[in-house]
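These notes concern the structure reproduced below.
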There are 2 protein chains.
Amino acid sequence: MSTADAPSAPVQRDTRQRRAVAGALAATEEFRSAQEIHALLRDSGDKVGLATVYRTLQAMADGGEVDVVRSEAGEARYRRCAVDHHHHHLICRVCGRAVEVEGPAFEQWASAVAREHGFADVTHTLELTGTCPDCA
Amino acid sequence: MSTADAPSAPVQRDTRQRRAVAGALAATEEFRSAQEIHALLRDSGDKVGLATVYRTLQAMADGGEVDVVRSEAGEARYRRCAVDHHHHHLICRVCGRAVEVEGPAFEQWASAVAREHGFADVTHTLELTGTCPDCA
DNA sequence: TTATCTGCAAACATTTTGCAGCGAG
DNA sequence: CTCGCTGCAAAATGTTTGCAGATAA
C-alpha cells in the first residue's frame, strides 16, 4: 500500500482564475449565476474565460464548497456555502433577493416523514419563492 | 363598458393537441418534462409538435393548471395540479419510486415564514430524496 | 518536466419564436 | 370569415467539451 491510497481528493491547482471565482463568490451573500460571475470578474479586471467559470463552479459544487439552486428561468445559481448548519432560502422572484431561513420544525418534520416510510439517508431540497415587500 | 371587461381570461381554444397534452398530464401523478410528454404523445399515436407541447404547457402553467419544477439537470417538469391539497414526494434515489407525502405542518411553517418576512404570493418546491426500504 | 488548467470556439440540449397554413368558433 | 393555434425549422439560451498552449508544482 502506498502512503496515499485515497483517490477521493483530486486537489485543485491554485490558479489566478480559481481564486478570482472564489473571490467573487466570497464577495456576496446572494446566489449568482455563472454568467453573472463571469461578467463580474470581467468588470473587476480579472479576465477569466466563461468556460473556466463554469468548470470552476462545477468543481466547487462537487467539492461541496458551494450550494447550487436552479432559478425559475432554469439557470444554475451558486453561492458560497460557509454555514455549517443547514438552512434554506426565501427568494424574491422579482429582484432575486434571498433571505436565509432556518427551519428546525421543518427539518424535524422531514426526518419524521422519512423514518415513517423507512427511507434512509434522506436529503431535501426546499425553495420558497415569493414577492418581497419591496417588489410587491 | 362591454359585458365582459376582464381581460384576465384569455380562454384557450379547444384543440386536439391541447386535449392530448392535458390527457398525458392527467394520465400520471408524476412530474414530466415537455420532451417526455412529446414522446409520450407520439407513442400514443397523437401527433403533436414539440413547440406546441411547450406552448401548451407554458399556457397551462400561466393559467395555474399545472405545477412546474426544475430538475437538477435544469429541465422544466410539469405536473397536473388537480389536487386541492398540496402534497409532496419522497423519492427513492435508487429505484425512483415516489411516495406521496402530506405536510400540513410543513405548509403552515412555510406560510408563517413567508408572512414573517413580508413576502407575498409564496410558493414552495420541496423534494425529499432518500433510499427506500427495498433498496437499502 | 509534466500533469493540470485555461481559453477559444464548436458542440449540445432545451426552450423560444417567425411564418405560412389549418381549423375552432 | 377571422383570429388563434399548429408545425416546421431556425434562433436564442445556458452549459459542456475538444484541443493546443500556458502554467503550477
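Note on naming: letters A, B, ... go to the chains in the order of the sequence lines (proteins, then strands), and numbering restarts at 1 for each one.
Using a 4.0 Å cut-off, some side-chain N or O of Arg16(B) falls inside it from OP1 or OP2 of dG7(D). A sub-4.0 Å separation between OP1 or OP2 of dG7(C) and a side-chain N or O of Gln17(A) is present. Within the structure, every side-chain polar atom (N or O) of Thr15(B) is placed at least 4.0 Å from both OP1 and OP2 of dG4(D). Taking side-chain N and O atoms only, Gln58(B) has no distance below 4.0 Å to OP1 or OP2 of dT15(C). Checking the phosphate oxygens (OP1, OP2) of dT6(D), a side-chain nitrogen or oxygen of Arg18(B) falls inside 4.0 Å. In terms of phosphate contacts, Gln12(A) brings no side-chain nitrogen or oxygen within less than 4.0 Å of OP1 or OP2 of dA24(D).
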Show me the donor-acceptor pairs, under 3.5 Å and distance only, between side chains in residues 37-56 of chain A and residues at least two apart or in other chains.
unit_1, atom_1, unit_2, atom_2, d
His38(A), NE2, Val48(A), O, 3.2
Ser44(A), OG, Leu40(A), O, 2.8
Tyr54(A), OH, Gln35(A), NE2, 3.2
Thr56(A), OG1, Thr52(A), O, 2.7

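Met60(B) places its CE atom 17 Å from the P atom of dT15(C), with the value rounded to the nearest Å. The distance between atom CG of Asp62(B) and atom C1' of dT16(C), rounded to the nearest whole Å, is 14 Å. The CD-P distance, from Glu75(A) to dT16(D), rounds to 13 Å in whole Å. As rounded to whole Å, 14 Å separates atom C1' of dT14(C) from atom CD1 of Ile37(B). Following rounding to the nearest Å, His38(A) (NE2) and dT13(D) (C1') show an atom-to-atom distance of 16 Å. Nucleotide dT6(C) holds its C1' atom 14 Å from the CG atom of Leu41(A), rounded to whole Å. As a whole-Å value, the separation of Arg32(B) CZ from dT14(C) P is 16 Å. A straight line from CD of Glu36(B) to C1' of dT15(C) spans 15 Å, rounded to a whole angstrom.
Put simply, the side chain of His117(B) reaches to within 4.5 Å of the side chain of Val101(A), judged on heavy atoms.
When heavy atoms are screened at a 4.0 angstrom cut-off, Ala76(A) is found touching the sugar-phosphate backbone but no base atom.
No path of Ile, Leu, Val, Met, Phe, Trp and Tyr side chains, each step under 4.5 Å between heavy atoms, connects Leu128(A) with Val69(B), placing them in separate hydrophobic clusters.
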| field | Arg32(A)/Arg79(A) under side-chain contact (heavy atoms from CB on, under 4.5 Å): CA gap, chis, key distance, verdict | value | CA-CA 6 Å; Arg32(A) 292 258 125 101; Arg79(A) 203 197 62 158; over 6 Å; no

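Side chain of Arg13(B), nearest nucleotide from dC5(C), dG7(D), dG23(C): dG23(C).
Annotation: salt bridge (Lys or Arg N to Asp or Glu O under 4.0 Å) contacts of Glu75(B) (sequence neighbours excluded): Arg77(B).
Using cut-offs of 30° and 60° for the angle between ring planes, the Phe106(A) and Phe106(B) rings count as tilted.
Within the model, atoms CZ of Phe31(B) and CG of Leu25(B) stand 10.5 Å from one another, a figure rounded to the nearest 0.5 Å.
Residues of residues 45-56 of chain A that place a heavy atom closer than 4.0 Å to DNA chain C, in numerical order, are Lys47(A), Val48(A), Gly49(A), Ala51(A), Thr52(A), Arg55(A).
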